[in-house]
J.: 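Handing you a structure now.
This is a predicted model, so every value here is computed, not measured. Position 1 is the first residue of the sequence; numbering continues from there.
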Amino acid sequence: KLASLTPAQFHAKLRFLANISPQTATQYMLEMNKRYRDSQPNALMPSSKSYEIIIRAWLRSKDHNSSKRAQELLNQAESLSDQLQTPLFTPTTQMYELVCQGWVDHNHVDAPKFAEAVLNQMKHRGVKVTKQIYTALIQAWCSKAGKVKHAVDNAERILREMERLGKMEQLPQNRTAESLSP
């Protein structure tokens with residue numbers, strides 16, 4: 001039943017569906033979004049929390065397009081935030097981190113480029129870029145060393161940017177620092 005749910009009930013149901021099937025959870029959220037836009041009584045508008053739940057579900061799934069689907073959901077949340085001029089859909093730093101890490105963990109040869117595009121999205125929208133994002137990007141580029149031209153150069157470029165912006169309170173995680181060592 002879609003009507004008469006509290007936000008907590010909606011998110012509980014969304015988490016339940018997401019554990020079964022990210023696709024089903026996505027469809028459920030889109031149906032709720034449609035009902036809200038159609039001004040149906042008791043319709044609940046999904047929020048950035050809703051998107052985050054589904055992004056997590058896609059990234060946990062075994063679907064080979066999981067990173068792409070997570071990216072699409074992040075883009076959709078950004079678009080809704082812009083269209084409706086409401087912070088309710090404004091993607092959280094955590095959402096960007098999840099999508100970036102999803103690309104990093106993806107085996108696609110262009111995954112580091114896609115992960116770096118997430119960094120650029122964050123900068124463009126004025127979202128605080130965290131040390132975790134930079135570390136993930138360095139790891140992504142280093143994982144492609146020898147497979148992608150300039151991968152190590154790109155990792156070093158990200159590290160220099162991280163240093164320039166003062167994101168080096170602590171050294172990058174050991175795995176990242178080790179991957180940059182000769």
Side-chain angles (χ1 to χ4, degrees), residues 18 22 26 46-182:
T26 302
S47 65
S48 59
K49 182 176 182 176
S50 311
Y51 279 87
E52 186 175 322
I53 289 168
I54 298 173
I55 286 170
R56 283 181 189 281
W58 276 113
L59 295 175
R60 280 192 315 262
S61 77
K62 303 292 186 211
D63 188 293
H64 70 279
N65 285 319
S66 61
S67 298
K68 181 181 177 187
R69 293 181 189 277
Q71 181 72 57
E72 289 167 353
L73 286 164
L74 176 64
N75 295 345
Q76 189 177 77
E78 284 182 341
S79 179
L80 284 170
S81 178
D82 293 344
Q83 286 173 13
L84 302 176
Q85 296 294 303
T86 175
L88 195 60
F89 286 107
T90 302
T92 63
T93 301
Q94 177 100 27
M95 289 168 67
Y96 289 101
E97 287 176 354
L98 287 167
V99 173
C100 184
Q101 191 62 52
W103 284 118
V104 170
D105 295 342
H106 201 276
N107 205 21
H108 192 280
V109 70
D110 288 329
K113 291 178 186 175
F114 296 135
E116 194 161 343
V118 175
L119 169 73
N120 292 329
Q121 275 180 272
M122 293 177 79
K123 289 177 183 177
H124 176 75
R125 296 186 71 82
V127 177
K128 179 184 175 209
V129 180
T130 63
K131 184 170 60 173
Q132 289 77 12
I133 294 282
Y134 285 108
T135 301
L137 282 170
I138 292 168
Q139 289 172 350
W141 281 115
C142 288
S143 74
K144 301 301 180 193
K147 300 172 196 155
V148 175
K149 192 174 181 179
H150 304 296
V152 174
D153 294 338
N154 287 325
E156 289 173 347
R157 175 180 49 79
I158 297 294
L159 182 62
R160 284 191 304 276
E161 181 178 331
M162 191 175 172
E163 290 172 329
R164 184 178 56 79
L165 295 173
K167 299 287 182 187
M168 296 283 293
E169 304 86 41
Q170 303 168 18
L171 290 175
Q173 297 171 1
N174 289 340
R175 205 166 82 186
T176 302
E178 289 168 6
S179 57
L180 287 174
S181 299

J.: Let me confirm one number: the CD-SG distance from Glu156 to Cys142, rounded to the nearest 0.5 Å.
T.: 8.0 Å

J.: Once rounded to the nearest 0.5 Å, what's the spacing between atom CG of Leu73 and atom OG of Ser50?
T.: 11.0 Å

J.: What distance do Ile53 atom CD1 and Met95 atom CE have between them, rounded to the nearest 0.5 Å?
T.: 10.5 Å

J.: Does the side-chain contact (heavy atoms from CB on, under 4.5 Å) test come out yes or no for Tyr134 and Leu119, once each step is laid out?
T.: CA-CA 8 Å; Tyr134 285 108; Leu119 169 73; 4.2 Å; yes

J.: What distance separates Leu137 CG from Gln101 CD, expressed to the nearest 0.5 Å?
T.: 9.5 Å

J.: Quick check: closest heavy atoms across Leu74 and Ile55, and the distance to 0.1 Å?
T.: N-CD1, 4.0 Å

J.: Spell out, as yes or no, whether a donor-acceptor pair under 3.5 Å connects the side chain of His106 to the backbone of Asn65.
T.: no

J.: Search all heavy atoms of Ala140 against all heavy atoms of Val104 and return the closest pair with its distance.
T.: CB-CG2, 3.7 Å

J.: Is a donor on one side and an acceptor on the other found under 3.5 Å between the side chain of Ser67 and the backbone of Gly102?
T.: yes

J.: Are side-chain heavy atoms of Trp141 and Lys113 found at a separation under 4.5 Å?
T.: yes

J.: Taking all non-hydrogen atoms of both residues, which atom of Gln85 and which atom of Asp82 are closest, and how far apart?
T.: NE2-O, 2.5 Å

J.: Does a donor on one side chain and an acceptor on the other come within less than 3.5 Å for Gln121 and Glu78?
T.: yes

J.: Could you walk me through whether Trp103 and Lys68 satisfy the side-chain contact (heavy atoms from CB on, under 4.5 Å) test, starting with their C-alpha distance in whole Å, then the side-chain angles of each, then the deciding distance to 0.1 Å, before giving a yes or no?
T.: CA-CA 8 Å; Trp103 284 118; Lys68 181 181 177 187; 4.2 Å; yes

J.: Does the side chain of Tyr51 reach to within under 4.5 Å of the side chain of Pro91, using non-hydrogen atoms?
T.: no

J.: Taking all non-hydrogen atoms of both residues, which atom of Thr92 and which atom of Ser48 are closest, and how far apart?
T.: CG2-OG, 4.1 Å

J.: Which pair of non-hydrogen atoms, one from Ala57 and one from Pro22, has the smallest distance, and what is that distance?
T.: O-CG, 3.6 Å

J.: Can you tell me how far apart CD1 (Ile138) and CD (Glu161) are? Round to the nearest 0.5 Å.
T.: 9.5 Å

J.: For the residue pair Gln83 / Ser79, report whether a side-chain donor-acceptor contact shorter than 3.5 Å exists.
T.: yes

J.: Any side-chain donor-acceptor pair under 3.5 Å between Asn75 and Gln71?
T.: yes

J.: Provide the closest heavy-atom pair for Ile133 versus Cys100 in the form atom of the first, atom of the second, distance.
T.: CD1-CB, 3.7 Å

J.: If you measure from CZ on Arg56 to CG on Leu98, what distance do you get to the nearest 0.5 Å?
T.: 4.5 Å

J.: For Phe114 and His108, take the angle between the two ring planes, folded into 0 to 90°, and tell me which bin it lands in: parallel under 30, tilted 30 to 60, perpendicular over 60.
T.: tilted

J.: Just by distance, no angles: are the side chains of Ser81 and Thr90 close enough, under 3.5 Å, to form a donor-acceptor pair?
T.: yes

